Participant: 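Right, I'll just put the structure down here and ask away after.
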Amino acid sequence: MFLRRIVRQARPFSSSRAVDAAMPSTSPATRPLIVAGVPLSADSNVPAAVADKVGRNLHLSRHHPLNIIKTIIEDHFREVERDAARVGQRAEFRFFDDMCPVVTTKACFDDLLTPKDHVSRSVSDTYYVCPGERQLVLRTHTSAHQNELMQAGHRSFLASGDVSRRDEIDSSHYPCFHQMEGVHVFDPEELPGGGGENASFDPTSPEAVLHCEEHLKRTLEGLVRKLFGEDCEMRWGVDDFPFTDPSFELEVFFRGDWLEVLGCGVVHREILQNCGLAHTNGWAFGLGLERLAMVLFQIPDIRLFWSEDPRFLEQFTDGEVKRFRPFSKYPPCYKDVSFWLPAEGGGGDGGPGFHENDLFEQIRAVGGDMVEAVEKIDEFIHPKTQRKSQAYRITWRHMSRTLTDAEVDKMQFEVRDRIGEELGCEVR
Ligand code: PHE
């Protein structure tokens, strides 16, 4: 079941309107929304607030923290390329950073071997631009470009761009954020036992896989040292992605905490085969630019990246990673709302019924970036009726001014109305 679309006003995705970024659109229906040049179908679950962000390409905006981090990473791979050339190897990384954020479910899931019943495909987790026959989604990760780029003949590349996911609301989650993907496929001669006339060469031999793994780890450890300092402490963990095997995660100890910085692994055999690369082997990684920028610049709230406030933007300069100076912390306003879930209940598996992500989206549709966090504070089942009740606390806070009581009350009332009308719940 797709949610009814909330705001139906057309807004060009890449316009440079000088409007208050925190204000959501509440104008009535006119034309359909367009995302990256693709019109949303009537049963799309992409809300205006997200359509408005996709394609803004903060990672391409000069002096923006996301662009600064992206550039440092690209510079690292230029060095990897030079080091490889010095020992007679090839690693010419191509950089892609303006690929279309609207992709097919084939590119986003099937080609990456994501199981058919995986929750990431569900309408409660993913934004469908055209759910029907065309199966177009907002990419949920930059891995959506792996197959296409390898099939086009690219062997070593970075691909960055915005990705969108229906998710919880707090200071580190935003429905649209930015990722960077890296892929490196070796020439067979670079792998142990490869090259020459060796007919028995096996790119999947333990030695060849180990070679990929070690090269991957060395390259990414170098990247983390570049970002977090030469002496930073790191640790590798095992992870699980359908498109890499084996899969790993890398954590770094920074300012007293272990922070997961990336996921990676040896590219799955089936993907290499599908890309005409069965004769060799390679690795891939993916990382979130906001996550890195938040810790490195000490930016406390993910909404700030979208700010058009000069007090934010003017703090940053190309090539410099320095501490963000908070220019304001306006007071928060907490409001609770509780309601009975619709009788069909659940929906937690992405099926029909109530799903938390639907609630978060309704709240964002009302308050846009004035919603700082939404947290579940209570849940119980009525012993007689077996109906389920939930209560959530909404933190309302504007990034650049104080919200008035009247403003917050108005938004809170609208949220209550929508919980009833759009989600079929009974507000208590
Ligand atoms: N796409 C994965 C994510 O979004 C990251 C990843 C990329 C993992 C490439 C392995 C290889 O979390």
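None of the values given here were measured: they were computed from a predicted structure.
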Participant: Do you know which two heavy atoms are closest between F109 and S120, and how far apart they sit?
Facilitator: CZ-O, 3.4 Å
Participant: Salt bridge or not between D125 and R166? Use side-chain N to carboxylate O under 4.0 Å.
Facilitator: no
Participant: When you measure from the side chain of H59 to the backbone of D97, do you find a donor-acceptor pair of N or O atoms at a distance under 3.5 Å?
Facilitator: yes
Participant: Take V183 and L149 through the test side chain to side chain contact (heavy atoms under 4.5 Å, CB included) and record every step on the way to the result.
Facilitator: CA-CA 9 Å; V183 170; L149 289 170; over 6 Å; no
Participant: Are side-chain N/O atoms of H145 and E148 paired as donor and acceptor at under 3.5 Å?
Facilitator: yes
Participant: In terms of side-chain geometry, is the basic nitrogen of D162 or R139 positioned less than 4.0 Å from the acidic oxygen of its partner?
Facilitator: yes
Participant: Return a table of donor-acceptor pairs under 3.5 angstrom between the side chains of residues 230-241 and protein atoms on other chains or two or more places apart.
Facilitator:
| unit_1 | atom_1 | unit_2 | atom_2 | d |
| --- | --- | --- | --- | --- |
| R235 | NE | E251 | OE1 | 2.5 |
| R235 | NH2 | E251 | OE1 | 3.0 |
| W236 | NE1 | E221 | OE2 | 2.7 |

Participant: Show the numbers, then the answer: is there a side chain to side chain contact (heavy atoms under 4.5 Å, CB included) between D336 and I394?
Facilitator: CA-CA 6 Å; D336 297 349; I394 306 175; over 6 Å; no
Participant: Can you see which heavy atom on H398 is nearest to which on Y330, and at what distance?
Facilitator: O-CB, 3.9 Å
Participant: Would you say the side-chain atoms of H184 pair up with the backbone N or O of W283, donor to acceptor, closer than 3.5 Å?
Facilitator: no
Participant: Between T142 and E181, is any side-chain donor less than 3.5 angstrom from a side-chain acceptor?
Facilitator: yes
Participant: Taking D257 for the side chain and L259 for the main chain, is one N or O donor matched with an acceptor at less than 3.5 Å?
Facilitator: no
Participant: Just wondering, more than 12 heavy atoms not from R134 lying within 6.0 Å of its CZ?
Facilitator: no
Participant: State whether F305 and R56 meet the cation-pi test: NZ (Lys) or CZ (Arg) under 6.0 Å from the six-membered ring centroid, and within 45° of the perpendicular axis.
Facilitator: no
Participant: Using the rule given for side-chain hydrogen bond (donor to acceptor under 3.5 Å, both in side chains), can you reason through E372 versus T395, listing the C-alpha separation, both sets of side-chain angles and the distance that settles it, and then say yes or no?
Facilitator: CA-CA 5 Å; E372 178 169 290; T395 308; 5.3 Å; no
Participant: Do D75 and K226 meet the salt-bridge criterion of a basic N to acidic O distance under 4.0 Å?
Facilitator: no
Participant: Determine the sole option in Q89, R90, R155 for which the side-chain hydrogen bond (donor to acceptor under 3.5 Å, both in side chains) test with D187 is passed.
Facilitator: R90
Participant: Kindly give the heavy-atom pair with the smallest separation between H141 and C108, and that separation in Å.
Facilitator: NE2-O, 3.1 Å
Participant: For S156, is there any backbone N or O sitting under 3.5 Å from a side-chain donor or acceptor partner on H154?
Facilitator: no
Participant: How far apart are the closest heavy atoms of V209 and N281, and which atoms are they?
Facilitator: CG2-ND2, 3.9 Å
Participant: Would you call R303 and E290 a salt bridge, using N to O less than 4.0 angstrom?
Facilitator: no
Participant: Measure from the side-chain N and O atoms of E320 to the backbone N and O of T317, and report whether any donor-acceptor pair falls under 3.5 Å.
Facilitator: no
Participant: Which is it for L58 and N67 under the side chain to side chain contact (heavy atoms under 4.5 Å, CB included) test, yes or no, and what are the steps along the way?
Facilitator: CA-CA 7 Å; L58 298 179; N67 180 259; over 6 Å; no
Participant: Rounded to the nearest 0.5 Å, what separates atom CG in L210 from atom CG in L216?
Facilitator: 11.5 Å
Participant: About how many Å separate CZ of F297 and CZ of R323, when rounded to the nearest 0.5 Å?
Facilitator: 13.5 Å
Participant: So, D358 versus H355: side-chain donor-acceptor pair below 3.5 Å or not?
Facilitator: no
Participant: Can you label the angle between the F186 ring and the H215 ring as parallel, tilted or perpendicular, going by 30° and 60°?
Facilitator: perpendicular
Participant: Nearest 0.5 Å please: distance from the NE2 atom of H279 over to the CG atom of D202.
Facilitator: 13.5 Å
Participant: Before accepting this row, confirm whether a basic side-chain N of the pair R269/D245 lies closer than 4.0 Å to the acidic partner's carboxylate O.
Facilitator: no
Participant: Mind telling me whether F254 and F228 have parallel, tilted or perpendicular rings, with 30° and 60° as the class edges?
Facilitator: perpendicular
Participant: If you draw the axis of the six-membered ring of F316, does the NZ or CZ of K322 fall within 45° of it and under 6.0 Å from the ring centre?
Facilitator: no
Participant: Quick check against the 3.5 Å criterion: does T126 have a side-chain atom that pairs as donor or acceptor with the backbone of V123?
Facilitator: no
Participant: CG/L66 to CZ/F177 distance, rounded to the nearest 0.5 angstrom?
Facilitator: 11.5 Å
Participant: Distance-only, no hydrogens or angles: does the T244 side chain make a donor-acceptor pair with backbone N or O of V266 under 3.5 Å?
Facilitator: no
Participant: Is a donor on one side and an acceptor on the other found under 3.5 Å between the side chain of S205 and the backbone of A208?
Facilitator: yes
Participant: Under the ring pair (Phe, Tyr, Trp, His ring centres under 6.0 Å) criterion, do F285 and F77 qualify, and how do the steps go?
Facilitator: CA-CA 13 Å; F285 73 88; F77 282 89; 5.7 Å; yes
Participant: CG/L313 to OG/S307 distance, rounded to the nearest 0.5 angstrom?
Facilitator: 5.5 Å
Participant: Does G263 offer a backbone N or O that forms a donor-acceptor pair with the side chain of E249 under 3.5 Å?
Facilitator: no
Participant: Please determine if E74 and R94 form a salt bridge, counting it only when a charged side-chain N lies under 4.0 Å from a carboxylate O.
Facilitator: no
Participant: For W258 and F253, take the angle between the two ring planes, folded into 0 to 90°, and tell me which bin it lands in: parallel under 30, tilted 30 to 60, perpendicular over 60.
Facilitator: tilted
Participant: Would you compute the distance between atom CD of E407 and atom OG1 of T402 and round it to the nearest 0.5 angstrom?
Facilitator: 10.0 Å
Participant: Determine, step by step, whether V102 and V137 satisfy the side chain to side chain contact (heavy atoms under 4.5 Å, CB included) criterion, reporting the C-alpha distance in whole Å, the side-chain angles of both residues, the deciding distance to 0.1 Å, and the verdict.
Facilitator: CA-CA 6 Å; V102 177; V137 295; over 6 Å; no
Participant: Between Y174 and D369, does any side-chain donor sit less than 3.5 Å from a side-chain acceptor?
Facilitator: yes
Participant: Under 4.0 Å between a Lys/Arg side-chain N and an Asp/Glu carboxylate O for K376 and E379?
Facilitator: yes
Participant: Are E214 and R218 close enough for a salt bridge, meaning some N to O gap below 4.0 Å?
Facilitator: no
Participant: Restricting to non-hydrogen atoms, name the atom on L341 and the atom on C425 that form the minimum distance, rounded to 0.1 Å.
Facilitator: CA-SG, 4.3 Å
Participant: Under the criterion side-chain hydrogen bond (donor to acceptor under 3.5 Å, both in side chains), I'd like the reasoning laid out for Y127 against E361: C-alpha separation, chi angles, the key distance, then a yes or no.
Facilitator: CA-CA 11 Å; Y127 291 112; E361 211 153 81; 2.7 Å; yes
Participant: Between D301 and R397 (salt bridge meaning N to carboxylate O under 4.0 Å), is one present in this structure?
Facilitator: no
Participant: Only one of L359, V415, I169 passes side chain to side chain contact (heavy atoms under 4.5 Å, CB included) with R364; say which it is.
Facilitator: I169
Participant: Checking side-chain hydrogen bond (donor to acceptor under 3.5 Å, both in side chains) for the pair E356/Y392: CA distance, chi angles, key distance, verdict?
Facilitator: CA-CA 10 Å; E356 265 194 339; Y392 288 83; 2.9 Å; yes
Participant: Does any N or O in the side chain of E422 come within less than 3.5 Å of the main-chain N or O of R418, such that one atom is a donor and the other an acceptor?
Facilitator: no
Participant: Could you report the tightest heavy-atom contact between I302 and M294, atom names first, then the distance?
Facilitator: N-CE, 3.7 Å
Participant: Give the C-alpha distance, both sets of side-chain angles, the deciding distance and a yes or no for ring pair (Phe, Tyr, Trp, His ring centres under 6.0 Å) between W306 and H178.
Facilitator: CA-CA 12 Å; W306 299 93; H178 298 75; 5.7 Å; yes
